[in-house]
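Only one structure is covered here, and it is reproduced in the block below.
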There are 2 protein chains.
Amino acid sequence: MNRLLSNVSIQVNDAIYLKNPESSDLGKRIITGSIDMIDELGFEHFTFRKLGKKIGSSEASIYRYFESKHKLLVYLTSWYWGWMEYRLVFRLSNIDSAKERLLRAITLLTEQIEEDQSFSHINEAKLNRIVIAESAKAYLTKEVDQDNQEGFFGVFKQIVERVSLIILEINPAYKYPHMLISTMIEGAHHQRYFAAHLPKLTDIVKGEDSVTRFYKELAIKAIEPQS
Amino acid sequence: MNRLLSNVSIQVNDAIYLKNPESSDLGKRIITGSIDMIDELGFEHFTFRKLGKKIGSSEASIYRYFESKHKLLVYLTSWYWGWMEYRLVFRLSNIDSAKERLLRAITLLTEQIEEDQSFSHINEAKLNRIVIAESAKAYLTKEVDQDNQEGFFGVFKQIVERVSLIILEINPAYKYPHMLISTMIEGAHHQRYFAAHLPKLTDIVKGEDSVTRFYKELAIKAIEPQS
DNA sequence: CAATATTGATAGTATCGCTACTATATTTGT
DNA sequence: ACAAATATAGTAGCGATACTATCAATATTG
């Protein structure tokens, strides 16, 4: 999917950054560079000092945009979910059937992201890999409650809520829509990671996107009224 | 569940440690102390120096047992899965019905662990909390392929394989048994974490164990032959 | 009781996460 | 036009972390 509207930009909760990285050239280089570097080195080996060197700036300058590397990771995942929500709304608009909307949502949320450069300075395919491999580290911390209170995970919760509402359209009696959707989104990420690194934990059928197919089947069967 | 056999101890892949912590008093204090400390501070804030102080030993001595804090985390999760497999085998023995065995396995793998002190120096309830909040950090690293090659995740893969085989007994045509089980195990952990910290991502029905119930329903519906 | 393994104390290296301070560029008011 | 105000970038450094090396003290064992 290419960029839908050229004059749209993804808004990120402004409590996540000290200075908006979209507001300057250096800011954009920080985002582009950090995506490249986290994808390449992993979050643990990634540091602001290395990033500064790479993008021809300094550690202290990066700290003017983000107060910690944790916040930068939160920013990246938050941007990603903002972008996903934007794509989700487009893909579901004008589709009458709730079931069709659900299937489209599952496809969007579980499929692999291709290189398509829809936002100039952000490589969405790399960012997808980062979200798969690193985003759990953004909330699996002792600071999760504070971060949550500041609204850092709001966009993600919104997506889960949106898709849950579609499920309730299909079966208003279904008791676990949020569990199903959050299980599916996080599960799909894990399955892609397992396919690459721990294949014994998955079932890869070549020539098909098993991950998306598996979760579509799972969801449809789960929400169909008890027989 | 109390300890099943007093003369049984859980074996952990010996490539994970430098010196077996079960082999000495200091080793056991390292395990007990690290479980307390990681549960309390989280893996990021946990250091060998702090642990040494807490258990009345030194940083250098701890390094004689584990070459890094990453390896210690791998040890703890590996012990946990070894313990789970042992309980799993007991709980499923002498049960003829495959469906009943599957339901028991799901209960075991998704339920909350109570304080029961079945192995003297290991608090399984705390360890369960650590596995929920920290175990993803044991494999979401750039070193995952090396670690996997050394067999660090073997026990976990074995559990997934065991339960997958039960699914295939029920429906030999089901295409995604491993995906279903690994999604379920990791998913249940996430749901418990979400219930505590990001409740908008789950559906808590008070008075019931929604997590276990949700995954039981999900699995049974998923593997039932296509109608 | 001698040989050996285990532990502890101390100090050291390299890097990390982060900050105080300084220098330079840009904008603004008169 | 030009100095003052402001925004932005870079240098240097601090305390902590992850881990290692050395050596003496103390158990353990054969």
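Counting only residues at least two apart or in different chains, ring pair (Phe, Tyr, Trp, His ring centres under 6.0 Å) contacts with residues 19-56 of chain A comprise A:F48-A:Y63.
For B:K53, the NZ atom is loosely surrounded, since the number of other residues' heavy atoms within 6.0 Å does not exceed 12.
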Carefully, step by step, assess A:E115 and A:N123 under the rule side chain to side chain donor-acceptor pair (under 3.5 Å).
CA-CA 7 Å; A:E115 307 263 350; A:N123 181 323; 3.1 Å; yes
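Along DNA chain C, read 5' to 3', the first and last nucleotides having any atom under 4.0 Å from a heavy atom of chain B are C:dT6 to C:dG12.
The distance from atom CG of B:L51 to atom P of D:dA18 is 12 Å, rounded to the nearest whole Å. Rounded to whole angstrom, the span from the NZ atom of B:K53 across to the P atom of D:dT17 amounts to 10 Å. Atom pair B:L73:CG and D:dA18:C1' shows a separation of 15 Å (rounding to whole Å applied). Atom CG in B:L41 sits about 14 Å away from atom C1' in D:dT17, given to the nearest Å. Distance, B:K50 NZ to D:dG15 P: 17 Å, rounded to whole Å.
Judged as a side-chain hydrogen bond (donor to acceptor under 3.5 Å, both in side chains), and not counting sequence neighbours, the contacts of B:E44 are B:K137. Scanning for side-chain hydrogen bond (donor to acceptor under 3.5 Å, both in side chains) contacts around A:S58 gives A:S61, with sequence neighbours left out. With sequence neighbours left out, A:D209 forms a side-chain hydrogen bond (donor to acceptor under 3.5 Å, both in side chains) with A:R192, A:T212.
Using a 4.0 Å cutoff on non-hydrogen atoms, the parts of residues 56-71 of chain A near DNA chain C are A:E59, A:A60, A:Y63, A:R64, A:S68, A:K69, ordered by number.
Here the side chain of B:R104 pairs a donor or acceptor atom with the backbone of B:R91 at under 3.5 angstrom. A donor-acceptor pair under 3.5 Å is formed between the side chain of A:S93 and the backbone N or O of A:F90.
Residue side chain A:R49 reaches the base of D:dG13 through a donor-acceptor N/O pair under 3.5 Å, judged by distance alone.
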